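Report on one structure; see the data block that follows.
Below, chains carry the letters A, B, ... as their sequence lines are ordered, and counting in each starts from 1. Bear in mind the structure is a predicted one, so any value in this text is a computation, not a measurement.
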Protein chains: 2
Amino acid sequence: MLRMTLGTRSTLVQQVISRLSEQIAAGEWPVGSKIPTEPQLVEILGVGRNTVREAVRALTHAGVLEGVQGSGTYVRSTDELTGVVARKFGAADVGHTIEVRRALEVEAARLAALRRTPDDLARLDAALAARDVAWATGDTDVFVEADADLHVAVVAAAHNPMLAELYASVLAAIKASVAVAVGPAMLAGTHIDHAQIVAAIRDGDPDRAAREAGRFLEAPARA
Amino acid sequence: MLRMTLGTRSTLVQQVISRLSEQIAAGEWPVGSKIPTEPQLVEILGVGRNTVREAVRALTHAGVLEGVQGSGTYVRSTDELTGVVARKFGAADVGHTIEVRRALEVEAARLAALRRTPDDLARLDAALAARDVAWATGDTDVFVEADADLHVAVVAAAHNPMLAELYASVLAAIKASVAVAVGPAMLAGTHIDHAQIVAAIRDGDPDRAAREAGRFLEAPARA
DNA sequence: CACCATAAATCGTCCCATGATTCTAGTCTG
DNA sequence: CAGACTAGAATCATGGGACGATTTATGGTG
């Protein structure tokens with residue numbers, strides 16, 4: 001009796017978790033919105049309140065949902081990776097996290113040079129221009145945001161959803177960790193270089209794109 | 001009343017999750033072992049059964065625990081990253097996952113060249129020798145295992161715990177996905193090259209180490 | 001209109017009961 | 001005595017009800 005795990009997703013709670021996850025992934029419950037109350041979910045799903053609560057609790061721990069006593073349960077994120085990465089990397093050395101980011105971004109730049117479409121190039125040019133404008137304003141918060149947008153655009157041009165999600169999660173963890181400190185540190189002489197990585201991606205030169213991407217984040221230290 | 005989140009970890013369930021996670025992380029409940037029964041946890045932790053169940057369910061969804069009806073609850077993994085990555089990457093294109101692995105491994109090789117200790121080099125030599133022995137046996141399963149050990153040793157020499165954990169999780173996801181197919185594909189002419197990456201790490205040449213590491217996984221395709 | 005007290009809504013915790021599944025121990029049979 | 005079968009215990013899965021804590025809505029009062 002080997003009983004495949006297809007017919008019955010084994011436990012009821014797992015089925016409820018799947019249904020809730022689908023609703024969230026499909027965008028029917030957007031980030032920040034309030035999901036139905038527990039009694040409503042009990043009626044909608046046709047299961048007991050304990051089952052609903054265990055499913056909601058599982059997604060809460062995963063960083064997807066967030067319960068507020070007296071108010072309701074809200075959608076916090078669409079994917080579980082961000083929450084787990086934040087917990088893992090939040091308690092760790094920021095330098096190590098930045099090295100992980102560097103790893104992902106360098107490979108993403110290489111892939112982007114091979115796979116970028118005309119649309120990708122248009123988005124990269126737009127992000128680059130927006131970054132220049134943000135630079136001119138002198139507002140570090142605005143600039144950091146625009147800078148992040150450009151980096152995300154580079155990773156998106158790699159056309160690898162897994163890589164993009166991981167990168168976004170790591171970037172979020174870094175933002176949460178240092179927030180302010182990262183801004184000034186990157187404002188030094190890194191302004192001009194960013195045009196060159198876009199150029200390398202446009203030229204379809206993976207090695208040069210990877211080299212340029214690696215230059216953004218200071219060369220790793222020996223310790 | 002801004003009520004910092006330190007004094008009370010907000011909800012009871014979260015506190016229970018933390019305590020269970022600590023027990024597991026500390027190795028007091030090893031992987032594969034059975035944790036106390038629900039009534040026992042109720043008494044040990046001094047909380048209600050629903051609270052225990054919600055905490056256990058959260059860790060079950062995270063891939064840390066696994067409940068077996070009629071038998072008990074068992075430890076499945078020590079970290080939550082593996083489970084989440086497996087769920088995310090398991091449903092995705094294996095090629096994309098391999099690209100993520102490549103990203104992590106290339107940067108790890110670069111860092112290893114900068115930070116490797118004598119102990120690291122000893123372990124790398126041992127893993128390289130073990131891989132040669134496994135190659136000689138002709139048993140693909142044994143060889144794939146020894147090959148993975150060498151790659152893990154390279155990543156470990158980078159001395160970046162976050163990078164190492166992520167790499168291990170991605171590697172596990174790849175193993176679970178393809179299992180057999182990966183073996184034959186890598187057996188071609190990649191046998192000799194592995195000595196060169198260890199040599200590059202020993203010489204402390206980060207660029208060469210990165211280049212050699214990138215060579216293991218076939219150059220990414222345009223599509 | 002502003003402020004405050006009360007009530008309602010909602011999640012958090014606890015307890016009890018029952019079903020489904022697995023493990024254990026004893027018993028029976030050959 | 002060995003093996004298999006059965007009855008019971010142990011354990012997790014699910015459902016239901018109750019009460020507390022917190023937030024939100026409501027309405028009254030100056």
For this session: Name all residues meeting the salt bridge (charged side-chain N to carboxylate O under 4.0 Å, His left out) criterion together with B:E80; count only those two or more places apart in sequence or in a different chain, and write none if there are none.
Result: A:R87

Problem set entry | Under 3.5 Å: donor-acceptor pair, side chain of B:D149, backbone of B:A146 | no

Exercise. With no hydrogens and no angle check, is any side-chain donor or acceptor of B:T51 less than 3.5 Å from a backbone partner on B:V47?
Worked result: no

Exercise. CD of A:E38 versus P of D:dA18: gap in Å, rounded?
Worked result: 17 Å

Exercise. Do B:K88 and A:D79 come close enough that some side-chain heavy atom pair is under 4.5 Å?
Worked result: yes

Exercise. Taking 4.0 angstrom as the limit, do A:R102 and A:E105 come out as a salt bridge?
Worked result: no

For this session: If a protein heavy atom is under 4.0 Å from the base, mark B; if only from the sugar-phosphate, S; if neither, -; do that for nucleotides 3-9 of chain C going 5' to 3'.
Result: ------B

Seminar exercise, completed: Considering only heavy side-chain atoms of B:Q69, the closest of C:dA20, D:dG20, D:dT14 is C:dA20

For this session: Would you mind reading off the distance between A:H61 atom NE2 and C:dG12 atom P, rounded to a whole angstrom?
Result: 15 Å

For this session: Nearest whole angstrom, please: distance from the C1' of D:dC12 to the CD of B:E54.
Result: 15 Å

Exercise. To the nearest angstrom, how far is A:E66 atom CD from D:dT22 atom P?
Worked result: 16 Å

Exercise. Between A:Y74 and A:V13, who's closer to the 5' end of DNA chain D by nearest nucleotide?
Worked result: A:V13

Exercise. Atom CG of A:L41 and atom C1' of C:dG12: how far apart are they, to the nearest Å?
Worked result: 16 Å

Problem set entry | Under 3.5 Å: donor-acceptor pair, side chain of A:R115, backbone of A:A158 | yes

For this session: Taking the side chain as every heavy atom from C-beta outward, state whether B:R57 and B:L65 have any pair of such atoms under 4.5 Å apart.
Result: no

Exercise. Which ones in residues 42-53 of chain A lie close to DNA chain C, meaning a heavy atom under 4.0 Å from one of its atoms?
Worked result: A:R49, A:R53

Exercise. What is the distance, rounded to the nearest whole Å, between atom CZ of A:R57 and atom P of C:dC11?
Worked result: 12 Å

Exercise. Should B:H96 and A:L163 count as side-chain neighbours, where that means a heavy-atom distance under 4.5 Å?
Worked result: no

Exercise. Is A:V56 touching bases, backbone alone, or none of the nucleic acid, heavy atoms closer than 4.0 Å?
Worked result: nothing

Problem set entry | Pairing of B:R110 and B:E107 as salt bridge, 4.0 angstrom limit | yes

